[in-house]
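One structure is given below, encoded as structure tokens.
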There are 2 protein chains.
Amino acid sequence: MAGALKKDRATSSANAVTADLVAVLVAVTEGEPKIMTIANDGALPSGPFEFAHRSLQTGLRAWVEAQTGHPLGYVEQLYTFADRGRAGGAKSPHSISISYLGLTREDKVGQGFEAHWSGWYEYFPWEDQRAGLPASLAKTLTSRLRAWAKSAETTGLQRQRWQRAAITFGLDDREWNEELVLQRYELLYEAGLIPEAVRDGAAATTVIPGKPMTGDHRRILATGIARLRAKIKYRPVVFELMPAEFTLLQLQRSVEALAGRLVHKQNFRRLIEQQQLVEETGAIAADTVGRPAKLFRFRHGVLAERAIVGTKLPLSRT
Amino acid sequence: MAGALKKDRATSSANAVTADLVAVLVAVTEGEPKIMTIANDGALPSGPFEFAHRSLQTGLRAWVEAQTGHPLGYVEQLYTFADRGRAGGAKSPHSISISYLGLTREDKVGQGFEAHWSGWYEYFPWEDQRAGLPASLAKTLTSRLRAWAKSAETTGLQRQRWQRAAITFGLDDREWNEELVLQRYELLYEAGLIPEAVRDGAAATTVIPGKPMTGDHRRILATGIARLRAKIKYRPVVFELMPAEFTLLQLQRSVEALAGRLVHKQNFRRLIEQQQLVEETGAIAADTVGRPAKLFRFRHGVLAERAIVGTKLPLSRT
DNA sequence: TGGCTTATACTTATCCTGAGCATAATCGAA
DNA sequence: TTCGATTATGCTCAGGATAAGTATAAGCCA
């Protein structure tokens with residue numbers, strides 16, 4: 001297996017790195033998305049990938065189970081990135097973080113552990129657009145973004161910056177796009193408007209609301225939220241976050257919680273029903289306000305029956 | 001940063017691993033998708049992540065540029081997985097592979113290197129459905145899959161296997177889904193129908209057509225193809241593979257080459273034009289058969305103007 | 001000139017989506 | 001008992017997007 005691209009592996013041990021497994025573990029409780037945090041809510045759970053682990057996912061599952069007392073259900077890989085050795089100098093070994101998105105239910109997690117569930121909008125207040133943004137936050141955000149754009153060297157750059165801010169944050173009559181979680185975080189980081197940026201050397205300014213995290217953890221969380229918001233649109237993953245039986249309104253509230261936006265009730269039901277994602281249990285929800293709702297359960301069959309598609313190509317029949 | 005999840009890092013050096021960067025480098029030439037290969041077309045280009053690299057992407061770009069003599073354009077991360085130490089025993093250090101998808105043009109790559117461009121359908125003959133499958137291949141595939149299903153212990157398992165095969169391969173009047181590249185590869189691997197499976201210990205049988213690769217490289221390639229096939233539907237990435245000017249038919253042929261399916265010509269143009277992805281150059285294609293076509297170029301502006309969305313939620317206005 | 005090939009314009013039926021109206025079922029207070 | 005508040009659920013309707021095709025234009029070559 002020679003080849004110009006294949007460096008001599010004799011040097012490999014000198015290039016050894018350590019690999020960390022980081023988890024964005026999500027649950028939705030009473031219409032609020034939660035994430036598992038440790039270290040006084042300032043970090044995502046993470047542990048080293050060890051020899052004993054047969055695979056990366058095995059490693060992740062191993063310590064999450066040890067942590068929560070319950071087996072991990074749905075898991076998917078998010079992203080891998082290398083720390084820019086901010087701790088030590090060139091001598092310190094590189095560290096690689098491999099992040100995962102996991103979906104569970106809060107009540108499935110045992111007590112007596114050091115981890116907590118935190119609301120994810122505590123870390124990203126601007127991402128919750130269900131009731132619109134609080135006027136104060138909207139005002140600060142806009143003015144800070146405008147100031148950042150203005151502070152560019154040339155008018156060309158100023159326009160570019162403002163256009164980028166307007167697109168990602170839905171300003172100037174643009175649509176809000178809930179999937180741009182990571183782009184928004186990275187813009188705020190570049191603009192020096194969040195604590196992590198200041199920590200990493202940006203000019204100190206008054207930062208924007210939203211709890212910071214250690215290292216790149218908030219960036220990883222943003223990646224996880226973005227992935228989840230995109231995925232609920234074309235895969236039936238919300239059901240991983242629902243109890244066995246639920247009303248359509250509860251389902252809707254969960255989707256809204258994740259997306260950070262409100263959906264049209266009647267059309268939402270039509271969508272769910274026409275895709276035959278759920279079936280009635282026959283039971284009726286108790287202790288509710290208003291007309292009692294039917295209870296539904298997820299039709300696990302759909303996973304086997306079809307490979308859910310979303311074609312956007314004008315395919316030809318012949 | 002204590003926490004039940006955070007193992008003691010004093011042991012980290014004992015858990016050191018090496019990280020490989022693997023590239024699925026794609027080009028489309030004359031309506032055929034190509035990938036860059038080394039080692040007599042049996043491997044994807046790959047190189048170790050080194051201390052000198054500031055980031056993973058930097059590392060990847062570094063050696064790809066060294067290889068092709070041209071800067072790498074569009075790059076995105078694919079997936080990270082850990083080798084199950086198949087080479088040595090428990091003593092051998094874990095190796096992690098971080099794979100990337102890169103898009104270029106064949107003519108941008110310099111000569112005099114050890115790498116080649118190979119047609120990607122040499123590795124996945126069954127993925128090219130543009131002209132339908134060759135009858136012989138279709139027949140072998142179906143009969144082998146049926147045999148595999150039949151060989152299960154119980155009738156329940158047999159039915160399950162056949163259902164899975166039918167869904168992924170579009171049998172029994174099901175639709176062919178071009179995005180299931182990885183699922184198809186993994187099914188064939190499990191069924192022991194490809195050389196890599198036999199190499200890894202499956203019972204020796206006559207394998208199905210399609211060139212094998214070292215290690216997990218064919219699996220990585222499948223991941224890259226799947227990702228690209230999905231992405232061309234909602235992001236304007238095809239244009240990374242096109243020359244500066246092209247006719248709509250050339251664009252269509254490229255899309256078809258990637259998707260492995262034919263598209264409806266008139267509707268394809270309408271789709272492209274209504275999204276305003278291209279603009280006329282004013283010039284006309286030369287030396288063609290039939291009526292000469294207008295030349296178009298990609299409107300780079302769209303990247304800045306909008307964040308292309310694909311909502312599937314019935315959002316509410318209020 | 002007629003036949004072959006590709007380009008491009010237009011049509012038609014159908015399905016999907018956004019938006020809203022209308023009615024049903026329950027509870028609690030007047 | 002009735003009214004109001006609240007949620008559930010059924011249904012309509014217009015507009016836009018899509019699939020599939022027909023028709024015409026514009027080149028080349030025998």
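Side-chain atoms are counted along with the backbone in the values below, which use heavy atoms only and exclude waters and symmetry mates. Order of the sequence lines fixes the chain letters, A, B, ..., with proteins taken first and strands second; residue numbering starts at 1 for each chain.
If you find the closest nucleotide of DNA chain D to Pro292(B) and to Lys294(A), the one lying nearer the 5' end belongs to Lys294(A). Looking at which nucleotide of DNA chain C each of Thr247(B) and Asn267(B) is closest to, the 5′-most match is held by Thr247(B).
Note on Lys265(A): every side-chain N or O is 4.0 Å or more away from OP1 and OP2 of dT7(D).
Checked against dT8(C), dA19(D), dT17(C), the side chain of Arg270(A) finds its nearest nucleotide in dT17(C). Nearest nucleotide to the side chain of Leu249(A), out of dT7(D), dT8(C), dT18(D): dT7(D). Side chain of Arg291(B), nearest nucleotide from dT18(D), dT8(C), dT12(D): dT8(C).
Here dT22(D) presents its C1' atom at 10 Å from NE2 of His264(B), a figure rounded to the nearest Å. A straight line from CD of Glu273(B) to C1' of dA7(C) spans 11 Å, rounded to a whole angstrom. When rounded to the nearest whole Å, the span between CD1 of Ile272(A) and P of dT9(D) equals 14 Å. The CG-P distance, from Leu295(A) to dA8(D), rounds to 11 Å in whole Å. Whole-Å rounding puts the Arg269(B) CZ to dC10(C) P distance at 13 Å. Rounding to whole angstrom units, CD of residue Gln266(B) and C1' of dT18(D) are separated by 13 Å.
By the 6.0 Å and 45° rule, Arg184(A) stacks over the aromatic ring of Trp176(A). Under the 6.0 Å distance and 45° angle rule, Arg174(A) does not count as a cation-pi partner of Trp162(A).
With the end axes of the helix from dT1(C)-dA30(D) to dA30(C)-dT1(D) each set by five pairs, the angle from one to the other reads 20° at 10° resolution.
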What protein N or O atoms touch nucleotides 13-15 of chain C N or O atoms at under 3.5 angstrom, if any, and at what distances?
none

